[in-house]
Participant: 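Questions regarding the structure given below will be posed in turn.
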Number of protein chains: 2
Amino acid sequence: MTSLAEENYLKAIYKLYEKNGAMVSTSALAETLQINAASVTDFIKKMAAKKLISYQKSKGVSLTEQGRLIALNIIRKHRLWEVWLVNNLGFKWDEVHEIAEQLEHVISDELIENLDKHLGYPKADPHGDLIPDAKGRFIKNSSKPLLECTKGDKVKFTGVAEHSNSFLQYLTKSNISLGDEIVVEVIEEYDNSFQVKINKKERKLLSKEVVKNLLVVVM
Amino acid sequence: MTSLAEENYLKAIYKLYEKNGAMVSTSALAETLQINAASVTDFIKKMAAKKLISYQKSKGVSLTEQGRLIALNIIRKHRLWEVWLVNNLGFKWDEVHEIAEQLEHVISDELIENLDKHLGYPKADPHGDLIPDAKGRFIKNSSKPLLECTKGDKVKFTGVAEHSNSFLQYLTKSNISLGDEIVVEVIEEYDNSFQVKINKKERKLLSKEVVKNLLVVVM
DNA sequence: AAATAAAATTAGGTAAGCCTAATTGTGTAT
DNA sequence: ATACACAATTAGGCTTACCTAATTTTATTT
């Protein structure tokens, strides 16, 4: 059995590894988990003994296959619960993270399979993050930051690369939602801001910071 | 904040107090929580210091008003989750207890209010147990054990007085469900078994053990 | 290569929530 | 009133998951 703490460490290691593509450092883990670095060193030694991670002293950690599967399972649960919270309980996409952080630790495979079925086997959560299947497999899509598009591109908004409440609320306020069609009309060379047309109607100016964090697929 | 352990103690004390109508003994608590009596003594002292319970050494404990409200809130959450698991996720009434035991500890008032709304403000869980409102108030009904009925009574099956899986599964197997109409046709004096007619169709013989645990309201 | 800064580890400690073994209290039968 | 049985408590200990302070390792600058 994996404890609550172990699950949180595994999830954090998975995410940091995805983000940086390298061994995860003690300090990075300490920072994300808001736990003292000395405590982290302590804990990862125990996790390594349990073969959940591989640990090279002073060099960092990475997930074993077993640890990776557990991490993906937690992520799967988190994202399914987020779908439920938004689609069925009426929460906004910036309100669900904390609640899903609790729900993700509920243990019952049958519950999760029934939930998945109940939700119609969603492929992504309310922020466009892909939901792995029960065996930890993703059905990858070809999304990329809007920043990488060029003038004239017609794309679909499929996810966010930044999950802060302030960014999510900015998008809500700006009336930009998952699934929207975006056409790139002008790219301002000077500051990399984009002038776009949303759903063939509204014309909007988006800063570099914003287009960097909007994930889209070319239509 | 109340810890997981405290919530479980409060719930157990509430239920034992309801059942026996008296101060709850250390040994009764130890038995229901499957925790050593010495640990219970230890823990209830700390809970008393926090004013969650009142504790008289060697005499037992009872809930303070604060403790009672927390206990009722946990029970409310447990029962709402059970309704959801049965009505929306397709679980059977004998499959939901363990999962609800985990879900009941998720903290978010907004979640529970949204869930309650989503479920249509149910008054009872899948076993007929009443669901207290957010302020810990019950809307009592007038149910009693079928055993207390007399020949000719026409009643509605509204709940169970015993929650064991074996009893629930016996009822399922016997095709007896919450909401069924039951007419008492014959009471066998010798062994207190009841001959009943269910939903104006099926005739059934129910042992004393069973009629003791079927809760009904007279129609 | 030496000095310094930053990161990681070690050592020792704490609180929560449990345990066993020993002791004390309480209630019932003689 | 005394003895016995059982319930409750006390005392001392353990594990998990954290902490701070001190030390060591690694990386960076001069």
Side-chain angles (χ1 to χ4, degrees), chain A residues 1-14 16-17 19-63 67 70-71 74 101-102 104-105 107, chain B residues 1-14 16-17 19-63 67 70-71 74 101-102 104-105 107:
Chain A
M1 296 301 87
T2 37
S3 71
L4 178 60
E6 285 167 345
E7 291 190 347
N8 286 330
Y9 273 79
L10 289 173
K11 196 174 46 148
I13 294 167
Y14 178 89
L16 287 167
Y17 185 83
K19 198 165 112 190
N20 308 322
M23 298 278 278
V24 177
S25 69
T26 302
S27 53
L29 261 179
E31 170 61 25
T32 32
L33 292 170
Q34 291 289 294
I35 288 171
N36 186 285
S39 311
V40 172
T41 300
D42 230 60
F43 203 82
I44 59 184
K45 278 196 250 171
K46 289 176 193 161
M47 288 177 78
K50 285 193 185 182
K51 313 264 184 211
L52 293 170
I53 59 178
S54 51
Y55 167 48
Q56 284 172 271
K57 204 160 149 175
S58 284
K59 289 186 125 188
V61 297
S62 59
L63 296 175
I70 296 169
I74 305 293
E101 290 269 299
Q102 296 180 65
E104 73 190 8
H105 300 292
I107 295 163
Chain B
M1 295 299 88
T2 38
S3 71
L4 177 60
E6 284 168 345
E7 291 191 348
N8 285 330
Y9 273 81
L10 289 172
K11 196 174 49 146
I13 295 166
Y14 179 88
L16 287 167
Y17 186 84
K19 198 165 112 189
N20 308 321
M23 299 277 277
V24 176
S25 69
T26 302
S27 54
L29 260 179
E31 170 61 24
T32 31
L33 293 169
Q34 290 291 293
I35 289 171
N36 188 285
S39 310
V40 172
T41 299
D42 232 58
F43 203 82
I44 59 183
K45 278 195 250 172
K46 289 176 193 160
M47 288 178 78
K50 285 194 184 181
K51 312 266 185 211
L52 294 169
I53 59 178
S54 51
Y55 168 46
Q56 284 173 272
K57 203 160 150 175
S58 285
K59 287 185 128 189
V61 296
S62 59
L63 297 175
I70 296 169
I74 304 294
E101 290 269 299
Q102 296 179 66
E104 73 189 9
H105 300 291
I107 296 163

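Everything numeric in this text was worked out from a predicted model, so none of it was measured. We name chains A, B, ... by the order of the sequence lines, and we start the count at 1 in each one.
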Participant: Go through dA8(C), dT10(D), dT9(D) for me and flag the one nearest to the Ser58(A) side chain.
Facilitator: dA8(C)
Participant: For the OG1 atom of Thr2(A) and the CD atom of Glu7(A), what is their distance to the nearest 0.5 Å?
Facilitator: 4.0 Å
Participant: Where the side chain of Asn36(A) is defined as all heavy atoms beyond and including C-beta, which of dA8(D), dC19(C), dC19(D) is the nearest nucleotide?
Facilitator: dC19(D)
Participant: Identify which nucleotide among dA8(C), dT10(D), dT9(C) has an atom closest to any side-chain atom of Lys45(B), counting heavy atoms from C-beta outward.
Facilitator: dT10(D)
Participant: Looking for any heavy atom pair under 4.0 Å, which part of the strands does Thr41(B) touch: base, sugar-phosphate only, or nothing?
Facilitator: base
Participant: In whole Å, I'd like the distance from the CG atom of Leu33(B) to the P atom of dA16(C).
Facilitator: 19 Å
Participant: Let me know the distance between CD of Glu31(B) and P of dC6(D), rounded to the nearest Å.
Facilitator: 16 Å
Participant: Please determine which of Ile53(B), Leu52(B), Val40(B) meets the side-chain contact (heavy atoms from CB on, under 4.5 Å) test together with Tyr9(B).
Facilitator: Val40(B)
Participant: Is Ser39(B) touching bases, backbone alone, or none of the nucleic acid, heavy atoms closer than 4.0 Å?
Facilitator: base
Participant: Please report the distance, rounded to the nearest Å, between CD in Gln56(B) and C1' in dG25(C).
Facilitator: 15 Å
Participant: Hey, could you give me the OG/NZ distance between Ser54(A) and Lys59(A), rounded to the nearest 0.5 Å?
Facilitator: 12.0 Å
Participant: Send over the distance from Leu10(B) CG to dG17(C) P, rounded to a whole Å.
Facilitator: 12 Å
Participant: Using whole Å, report how far CG of Asp42(B) lies from P of dT9(D).
Facilitator: 10 Å
Participant: Measuring only between side-chain heavy atoms, which start at C-beta, is Tyr55(B) closer than 4.5 Å to Thr41(B)?
Facilitator: yes
Participant: Think Ser3(B) has a side-chain N or O under 4.0 angstrom from the OP1 or OP2 of dG17(C)?
Facilitator: yes
Participant: Return the value, rounded to whole Å, for the distance between atom CD of Gln34(B) and atom P of dC18(C).
Facilitator: 12 Å
Participant: Just to confirm, is there a sub-4.0 Å distance from OP1 or OP2 of dT26(D) to any side-chain nitrogen or oxygen of Lys57(A)?
Facilitator: no
Participant: Please report, rounded to the nearest Å, how far the P atom of dG17(C) is from the CG atom of Leu4(B).
Facilitator: 8 Å
Participant: Which of the following nucleotides, dC18(D), dC18(C), dT9(D), is nearest to the side chain of Ala38(B)?
Facilitator: dT9(D)
Participant: So Lys59(A), base contact, sugar-phosphate only, or nothing? Heavy-atom distance under 4.0 Å.
Facilitator: nothing
Participant: If you check the Phe43(A) side chain, which of dT20(D), dT9(C), dA17(D) turns out closest?
Facilitator: dA17(D)
Participant: Does OP1 or OP2 of dT9(D) have a side-chain N or O of Thr26(B) closer than 4.0 Å?
Facilitator: yes
Participant: What integer distance in Å separates Ile44(B):CD1 from dC18(C):P?
Facilitator: 13 Å
Participant: If we only count heavy atoms from C-beta on, is the His105(A) to His105(B) side-chain gap below 4.5 Å?
Facilitator: no
